[in-house]
Chemist: 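Please find one structure pasted underneath; my questions will follow.
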Protein chains: 2
Amino acid sequence: MSTKRKTTIRDVAAAAGVSVTTVSDALSGKGRLPEETRRRVQSEAEKLGYRPSAIALGLRERGLGLVGLCITPAGEAILTDVGYWATIVTHASQTLLSEGLAPVLLPHNVDLLSTLKVPLDGAIVVDPLEGDPVLTFFERNRVRYITIGRDLTRDNRSWLDDDNANGLLRLLQRTVPARTNVAFVTIGPLKSYVVDALNGANQWARGSDSSIRIFHAESSDRADIGHVVSSALGQGFGAIVAQHDRLALHLLSAMTERGIEAPKDVRLISVTDSPDLESASTPISAIRQRPAQLAELTARGIIEMIRGKPDIEKTLLPLEIVIRKSAPSIVG
Amino acid sequence: MSTKRKTTIRDVAAAAGVSVTTVSDALSGKGRLPEETRRRVQSEAEKLGYRPSAIALGLRERGLGLVGLCITPAGEAILTDVGYWATIVTHASQTLLSEGLAPVLLPHNVDLLSTLKVPLDGAIVVDPLEGDPVLTFFERNRVRYITIGRDLTRDNRSWLDDDNANGLLRLLQRTVPARTNVAFVTIGPLKSYVVDALNGANQWARGSDSSIRIFHAESSDRADIGHVVSSALGQGFGAIVAQHDRLALHLLSAMTERGIEAPKDVRLISVTDSPDLESASTPISAIRQRPAQLAELTARGIIEMIRGKPDIEKTLLPLEIVIRKSAPSIVG
DNA sequence: CTCTATTGCAGAAACGTTTCTGCAATCGCT
DNA sequence: AGCGATTGCAGAAACGTTTCTGCAATAGAG
């Protein structure tokens, strides 16, 4: 740690009447020193309030143990996202800190990022966008990184992700009969977890002689959502999959407004889970993500990379499915 | 930024056939160099992917622009706290980043803290506890800090805080008649905002010939809360003040269970606000905190301190009161 | 009493920059 | 042609550590 006019090792050496080597050795317990000298130096150091400069240390050791934490723009920061975000940040930070590394909060903004003069040993990027310039920035600056979620346009890098494809596949198998046409409602920029979910949905459709049709909601306005609901239901869809919990809740309330009931008239499913889905007027089935585990694993991954592990470990975290009233089980 | 085997300024110098001085000058635009040399050096640097070492820079400049962000233990991390926490972190970070400083997430744990070798230029501590060892740590390590909320046992340091005392005073004046006995319900370790609120309540009591009685809830269990409610109401209190929004909601539901209505039977007030109070079965009056402004001001404060401002600026942020059904206005 | 081993410490290099100073070489004047 | 000013660059110090190497002085062995 450091600030202000610091007392340096040289000050201590002068005060104790020895060389800097001796001070360094005395304080670190190394070298060959009689106890008496050691104690004298230590007390002198204590008296002067000497603290070794972390920066100087870092210069020698080539690194200060700083790990960047870059979360994609809160942008349309939906409220429930906060919980997800907080969980990721908290757990990644705890893991890093327990290993002596310090998390640095980074902006998801390359201009801002490049004004920073932070010696990063590595970075964690949460939910990268397609062709994310932040990743490009890290590559150009030789900062090793690992992502939670993937930039699908960029291959061959380290990432971890929830296995939403498999999760949605299983959820659909459990809750939606064969030969059902399904509407998949998305919103906002395309993130990898949505692509994954779509893959899972399509896989399910192929296996059960069904079809998936994608609707993109312009915004979460009452009107836009209502429009999606109307057009989906007008076309005889038997199930609606929402990209995330917030959207699912919007859809549910738009359905209620129109007198459409889940699951009687249409089954409603959310790709992401949240407590709000449990306490909704009609509880909504979903896939339960595991942000805490994801964050911890990611942190351990970047730690290993920093400690010299060569590269890359792509990991899909298996997920639990949560079946609620809006799309009950069709088996048994 | 930095990692791996870096190419240094010396490599560039060798490649361009000049001295390190020339490279430094060429890249920074300083010194007296003909355009041709400058370009040659620049292209060589580009070719080698040279990035100056932030650590070496920091060594010279005595600082890397790192600011610690220390949030008190999520501990009994009540869900609504997450929003507050996230707001503080987000806004403080944005302000710091916009000034070229980087926020470092710190543990609220001195043991962990001391294992870190992070050269902090300053720190922000949110909601310090009484006699908080983290603050002691920073003082011993000569890290300048500023707190949001105060450690009341420690004087003479820089802090900012919501003016909860004045806020609660005004809220009580507006919503509780004179000569009303008030129960003030607290929970968990004593934080400065609670002490402030109590001061405000007591000031109100003196001015309106009323009394304040403190109840400490052991936990937010249904039973404990119910106990507090029963004993408060059995003793003829006309108003209950809850330390925070979550507690207020617990109290409200305990009251409902017992058939006690707000504001008819007792007026209910929360010291902290949250959206949940608005949408409660009986919307609850509260003081509206301003975490975003608080965080931004605090960040600006630490920035000034880092830039050399001598010390200390104690600031109380004036607050708005939000009057809802649970304790409606008594005037007009 | 001499020769080697050990002890107690100091000097210096290295980590990667920036910047101050200095020194040739060239240029412009008279 | 001679002189000062300018240009183009290099050397070295400084930032604060750690660690490798080296060198006296002392201790121990024969």
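The chains referred to below are lettered A, B, ... by the order of the sequence lines, with proteins before strands, and numbering in each begins at 1. Source: prediction; values computed, not measured.
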Chemist: In sequence, state the C-alpha distance, the side-chain angles, and the governing distance for B:W159 and B:I146, and then conclude on side-chain contact (heavy atoms from CB on, under 4.5 Å).
Modeler: CA-CA 5 Å; B:W159 53 258; B:I146 190 167; 5.7 Å; no
Chemist: Hey, does the side chain of A:R144 reach the backbone of A:D121 with a donor-acceptor pair shorter than 3.5 angstrom?
Modeler: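 Here the side-chain-to-backbone pair does not exist.
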Chemist: Please list, pair by pair, any protein nitrogen or oxygen found under 3.5 Å from a nitrogen or oxygen in nucleotides 14-20 of chain C.
Modeler:
{"unit_1": "C:dT17", "atom_1": "OP1", "unit_2": "B:Y50", "atom_2": "OH", "d": "3.3"}
{"unit_1": "C:dT17", "atom_1": "OP1", "unit_2": "B:R51", "atom_2": "O", "d": "3.4"}
{"unit_1": "C:dT17", "atom_1": "OP1", "unit_2": "B:S53", "atom_2": "N", "d": "3.1"}
{"unit_1": "C:dT17", "atom_1": "OP2", "unit_2": "B:I9", "atom_2": "N", "d": "2.6"}
{"unit_1": "C:dT17", "atom_1": "O5'", "unit_2": "B:Y50", "atom_2": "OH", "d": "3.0"}
{"unit_1": "C:dT18", "atom_1": "OP2", "unit_2": "B:S24", "atom_2": "OG", "d": "2.8"}
{"unit_1": "C:dT18", "atom_1": "O4'", "unit_2": "B:R60", "atom_2": "NE", "d": "3.0"}
{"unit_1": "C:dT18", "atom_1": "O2", "unit_2": "B:R60", "atom_2": "NH1", "d": "2.5"}
{"unit_1": "C:dT19", "atom_1": "OP2", "unit_2": "B:K30", "atom_2": "NZ", "d": "3.1"}
{"unit_1": "C:dT19", "atom_1": "O4", "unit_2": "B:T21", "atom_2": "OG1", "d": "3.4"}

Chemist: Tabulated below should be each protein N or O lying under 3.5 Å from an N or O of nucleotides 22-29 of chain D; please produce it.
Modeler:
none

Chemist: Please, which pairs that meet side-chain hydrogen bond (donor to acceptor under 3.5 Å, both in side chains) have at least one residue in residues 91-106 of chain A, sequence neighbours excluded?
Modeler: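 Qualifying pairs, neighbours excluded: A:E99-A:R307.
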Chemist: Who pairs with B:D196 by side-chain hydrogen bond (donor to acceptor under 3.5 Å, both in side chains), at least two apart in sequence or on another chain?
Modeler: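 In terms of side-chain hydrogen bond (donor to acceptor under 3.5 Å, both in side chains), with neighbours along the sequence ignored, B:D196 is linked to B:R150.
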Chemist: May I have the distance from A:L33 (atom CG) to C:dT6 (atom P), rounded to whole angstrom?
Modeler: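 Atom CG in A:L33 sits about 18 Å away from atom P in C:dT6.
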Chemist: Give a yes/no answer on whether the side chain of B:T37 brings an N or O atom under 4.0 Å of OP1 or OP2 in D:dC9.
Modeler: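 For B:T37, the contact criterion (side-chain N or O under 4.0 Å from OP1 or OP2 of D:dC9) is met.
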Chemist: Judged by atom type as modelled, is there a donor-acceptor pair below 3.5 Å linking the side chain of A:D11 to the main-chain atoms of A:T8?
Modeler: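 Yes, the answer is positive, given that a donor and an acceptor are paired below the 3.5 Å cut-off.
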Chemist: Any salt bridge (charged side-chain N to carboxylate O under 4.0 Å, His left out) involving residues 37-46 of chain B? Give me the pairs, sequence neighbours left out, ordered by first then second residue.
Modeler: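 Passing the test, one end in residues 37-46 of chain B: B:E35-B:R38, B:E35-B:R39, B:E36-B:R40, B:E44-B:K47.
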Chemist: Side chains of residues 17-27 of chain B: which donor-acceptor partners sit under 3.5 Å, not counting sequence neighbours?
Modeler:
{"unit_1": "B:S19", "atom_1": "OG", "unit_2": "B:T21", "atom_2": "N", "d": "3.4"}
{"unit_1": "B:S19", "atom_1": "OG", "unit_2": "B:T22", "atom_2": "N", "d": "3.3"}
{"unit_1": "B:S19", "atom_1": "OG", "unit_2": "B:T22", "atom_2": "OG1", "d": "3.1"}

Chemist: Whether B:R154 and B:E139 form a salt bridge (side-chain N of Lys/Arg under 4.0 Å from carboxylate O of Asp/Glu) is what I want to check.
Modeler: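 Yes, this pair counts.
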